[in-house]
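Heads up, the thing below is written out as C-alpha cells.
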Amino acid sequence: MQTQSSTAKKAFRLAVIPGDGIGKEVTAEAVKVIEAVGQKFGRAFELEELPWSADHYLQTGTTIPPNGYDTLREFDAIFIGALGDPRVPDNRHARDILLGTRFELDLYVNYRPVKLLHERLCPLKGRGPKDVNFVVFRENTEGVYVGIGGRFKAGTDQEIAIQEEINTYRGVHRIIKYAFEHAKARGLSKVCMADKSNAMTHGHALWQRVFREIAPQYPSIEATHYYIDALAMYMVVDPGQFQVIVTNNLFGDIITDLAATFQGGLGMAASGNIHPGKPSMFEPVHGSAPKFAGKNIANPLGAISSAALMLETLGLQTEAAAIDAAVLAAVTAGQGTPDIGGNLGTREVGSWIAGHVERT
Ligand code: NAD
Ligand code: IPM
Ligand code: MN
C-alpha cells in the first residue's frame, strides 16, 4: 500500500557500473531488487548503466572518460559490481574506475558492516549471530592506496621499489571522528582503533595521537586500541567484543575479507564508499571472481545488501529494511547459492529476494 503523496517522492538517479566477471551478474540481481523496491514503495529510481569495464577498456582504450568523475557527481548514488580481469594484468581500469572514484569523489568512509545472519554460515566454532555483529570503518582515500612511489633499476637484481603510505591529520581525524559519531548515533558503547604503531612509528603515531585526541570527546564510549596483528587474532577468537572498528585503508581491506568469512564468505559482505551528504558509491566487498563468471553461481546477497546500504544512505530506511528482511528470510530458509549451502543460481536468488520484497 502506498501511504505517502506522490509530491513527497523525489526520483533518485542511480549510476550503475556492472563492471567485470561476476560483478555483472550480481549487479543485475541488485538492480532487480531495487526495481522491486521501487514498485512496492512507489519510489522512482532512474537507473543509468555505465559500461566502464575491462571489455570497454579493451575495445576503446579508455578506462573512464575524461569527464567520468563529473558524470558520477551528477547522480544521487553509484552502484558498482566489481572490477578485475586477467586480460588487464596491471588492473589499470580498476584503479581509474574504482579507486579513482573513491579518491576523486572523496569517499573517505569505507563502511563495511559485518553481521552474521545464521549460525550455519559461520566457520567459527560455536559462534552465532549474537557474536558477530560489528562494523568496520576503513579509511578510503589515503594510506598505501594513493600510488605514490616508484621503481629504480626495475627488472634488475638491484631493483628498488618504493610505495609510500600517506597519513594526514585531516584524513585520520575525519575517519576516526566518523566512527565515534556512528557509535554515538546508534547507541553503541565501544570503538576499537587498530594500527601498527609499534613498527610504523611515524605514520601510525599520528593515528595514536588523533585517537587520543578524539576519544575523550565521547566519554560514554569505551575507546580501545589493538595492533592490527592482535586485532586479527581477537576477531577470530572473540568477535563478540567488537562493535566498531576503525583502521587504515590497507588493514581495513584485509580484515574485511577475513570478517566476510564470519558472515558466510565473500559473497555475503556489503560495503559503502561514503562522503556524508554527497554522492556515494556502494559495492559488494568481493571482486570479479573470474573463475565463477558466467556460470550463474555467484552469490548476489552481498551486492543486494549493498543496495540496501545505498537506500539507507539515501534516507530510504523502510525500503532498505525491506531488502535486509528479505535477505535474512532467504538465508533462514536456505534459499541461497552453493557457497552458502544452497542450490539456487544467482538469478534465482535475486528473483526470490525481489519476490519477498514485493509480497511482504
Ligand atoms: P574475489 O573476491 O573476486 O574472489 C575470491 C574468491 O571468493 C572466489 O574465488 C570465490 O571463491 C569467492 N567469492 C567471491 N565473490 C563471491 C560471490 N559473490 N559468490 C560466491 N563466492 C564468491 O577476489 P580475487 O580472486 O582476489 O580477485 C579477482 C579479481 O577481482 C582481481 O582482479 C581483483 O583485483 C578484483 N577485485 C575487485 C574488487 C572490486 O571491484 N571491489 C574487490 C576485490 C577484488
Ligand atoms: C576492495 C578491493 C579493492 C581494494 C581492490 C580491487 C583495489 O579489494 O574494495 O576491497 O583493495 O580496495
Ligand atoms: Mn578487498
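Since this is a predicted model, take the numbers as computed values, not measurements. When a ligand or atom number is given, it counts from 1 through the structure's own listing order. We're numbering straight along the sequence, starting at 1.
- For ligand 1, the atoms sitting less than 4.0 Å from at least one non-hydrogen atom of Ile22 are 15 (N), 16 (C), 17 (C), 18 (N), numbered in the order shown with element in parentheses.
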Using atom types as modelled, flag every donor-acceptor pair under 3.5 Å from a side chain in residues 228-238 to any protein atom, sequence neighbours excluded.
unit_1	atom_1	unit_2	atom_2	d
Asp229	OD2	Lys196	NZ	3.1
Asp238	OD2	Gln241	NE2	3.3

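- Heavy-atom contacts of Pro290 reach the following atoms of ligand 1: 28 (C) (cutoff under 4.0 Å).
- Of all the heavy atoms of Lys291, none lies under 4.0 Å from any atom of ligand 1, so neither backbone nor side chain is involved.
- Between His286 and ligand 2 there is no heavy-atom distance shorter than 4.0 Å.
- Sorted by first and then second residue, the salt bridge (Lys or Arg N to Asp or Glu O under 4.0 Å) pairs involving residues 248-264 (not counting sequence neighbours) are Arg138-Asp253.
- Within the sub-2.8 Å shell of the Mn ion (ligand 3), the protein contributes these N/O/S atoms: Asp253 OD1.
- Cation-pi check for Lys184 over Phe180 is not met; the charged atom does not lie both under 6.0 angstrom from the ring centroid and within 45 degrees of its normal.
- Counting atoms of ligand 1 from 1 in the listed order, those under 4.0 Å from a heavy atom of Val285 are 42 (C).
- Ligand-side atoms of ligand 1 in range of Leu83: 30 (O), 35 (C), 36 (N), 37 (C), 39 (C), 40 (O), range being under 4.0 angstrom from any heavy atom.
- In terms of N/O distances under 3.5 Å, ligand 2 is approached by Arg112.
- Between Leu14 and Leu314 there is a side-chain heavy-atom pair separated by less than 4.5 Å.
- At a 4.0 Å cut-off, not a single heavy atom of Ile80 sits close enough to ligand 1 to count as contact.
- Given atom 2 (O) of ligand 1, the protein heavy atom at minimum distance is Gly287 N, 2.7 Å.
- By the criterion of a heavy-atom distance under 4.0 Å, the side chain of Asp339, and not its backbone, is placed next to ligand 1.
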With a cut-off of 3.5 Å and sequence neighbours excluded, list every side-chain donor-acceptor pair involving residues 159-167.
unit_1	atom_1	unit_2	atom_2	d
Glu159	OE1	Gly155	N	2.8
Glu159	OE2	Arg151	NE	2.7
Glu159	OE2	Arg151	NH2	3.0
Glu165	OE2	Asn167	ND2	2.9
Glu165	OE2	His204	NE2	2.7
Asn167	OD1	Trp207	NE1	2.8

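- Residue contact check for ligand 2: Arg102 places a non-hydrogen atom closer than 4.0 Å to it.
- For ligand 1, the atoms sitting less than 4.0 Å from at least one non-hydrogen atom of His286 are 2 (O), 14 (C), 15 (N), 18 (N), 38 (C), 39 (C), 41 (N), 42 (C), 43 (C), numbered in the order shown with element in parentheses.
- At a heavy-atom distance under 4.0 Å, no atom of Ala94 approaches ligand 1.
- When hydrogens are left out, the protein atom nearest atom 29 (C) of ligand 1 is Ser288 OG, 3.2 Å; that is the closest non-hydrogen contact.
- Protein heavy atom in closest approach to atom 11 (O) of ligand 1: Phe292 CZ, 3.4 Å.
- Interface atoms of ligand 1 facing Ala82, defined by a heavy-atom separation under 4.0 Å, are 40 (O).
- Atom numbering of ligand 1 starts at 1 in the shown order; those under 4.0 Å from a heavy atom of Asn91 are 34 (O).
- Heavy-atom contacts of Leu98 reach the following atoms of ligand 1: 39 (C), 40 (O), 41 (N) (cutoff under 4.0 Å).
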